[in-house]
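See below for the structure under consideration.
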Amino acid sequence: MNILTSILFSLFFLGVLGVIINRLHLLSLLLCLELLLISLFLNITIWASTFSSLLTLNYSILLITFSACEASAGLALMVSLSRSHNTDLLAQINLLQS
């Protein structure tokens, strides 16, 4: 395992750790999810270039498309929740009472 792969795996686990620990603000949670998806995209791309596989390159393009859709939906949700509840704290948002 070369140094680039180990850095990307550590970025993935840093994103997982951020999702587990940092669940106070919605924006920080979305940033940790983006770190997860970008590290997965880079890992799949490096793996595809190592083995010269065109099929896994399709998976990486699908993953980056999913990441962009997740980011836009998450930001739209954050704007909607911050306008309706005047906060982005996840502990103070209870959608069942609204």
In terms of heavy-atom contacts, Ile20 and Arg23 come closest through O-NE, 3.2 Å

Donor-acceptor pair, side chain of Ser10 and main chain of Ile7, under 3.5 angstrom: yes

dist Ile3:CD1 -> Leu8:CG (nearest 0.5 Å) comes out at 10.5 Å

Correct closest heavy-atom pair for Thr5 and Asn43 would be O-OD1, 4.4 Å

Euclidean distance, Ser28 OG relative to Ile21 CD1, rounded to 0.5 Å: 11.5 Å

Sole residue of Ile61, Leu62, Ile64, Leu36 in side chain to side chain contact (heavy atoms under 4.5 Å, CB included) with Phe41: Ile64

Mind checking whether Leu81 and Leu24 sit in one hydrophobic cluster, side chains of I, L, V, M, F, W, Y counted as touching below 4.5 Å? no

Rounded distance (nearest 0.5 Å) linking atom CG of Leu40 with atom OG of Ser60: 11.5 Å

dist Leu31:CG -> His25:NE2 (nearest 0.5 Å) comes out at 12.0 Å

Going only through I, L, V, M, F, W and Y residues with side-chain contacts under 4.5 Å, is there a path from Leu11 to Leu33? yes

Do Leu42 and Val16 belong to the same hydrophobic cluster, where Ile, Leu, Val, Met, Phe, Trp and Tyr are linked whenever their side-chain heavy atoms lie under 4.5 Å apart, directly or via other members? yes

Do Leu75 and Leu26 sit in one hydrophobic cluster, given that two such residues count as connected whenever their side-chain heavy atoms are within less than 4.5 Å of each other, even indirectly? yes

Could you check Asn22 against Leu29 for side-chain contact (heavy atoms from CB on, under 4.5 Å), going step by step and ending with a plain yes or no? CA-CA 7 Å; Asn22 200 4; Leu29 185 70; over 6 Å; no

Within this structure, what is the OG-CG distance for the pair Ser67 and Leu37, rounded to the nearest 0.5 Å? 4.5 Å

Group every Ile, Leu, Val, Met, Phe, Trp and Tyr by side-chain heavy-atom contacts under 4.5 Å, then state whether Leu89 and Leu27 land in the same group. no

Euclidean distance, Met78 CE relative to Arg83 CZ, rounded to 0.5 Å: 10.5 Å

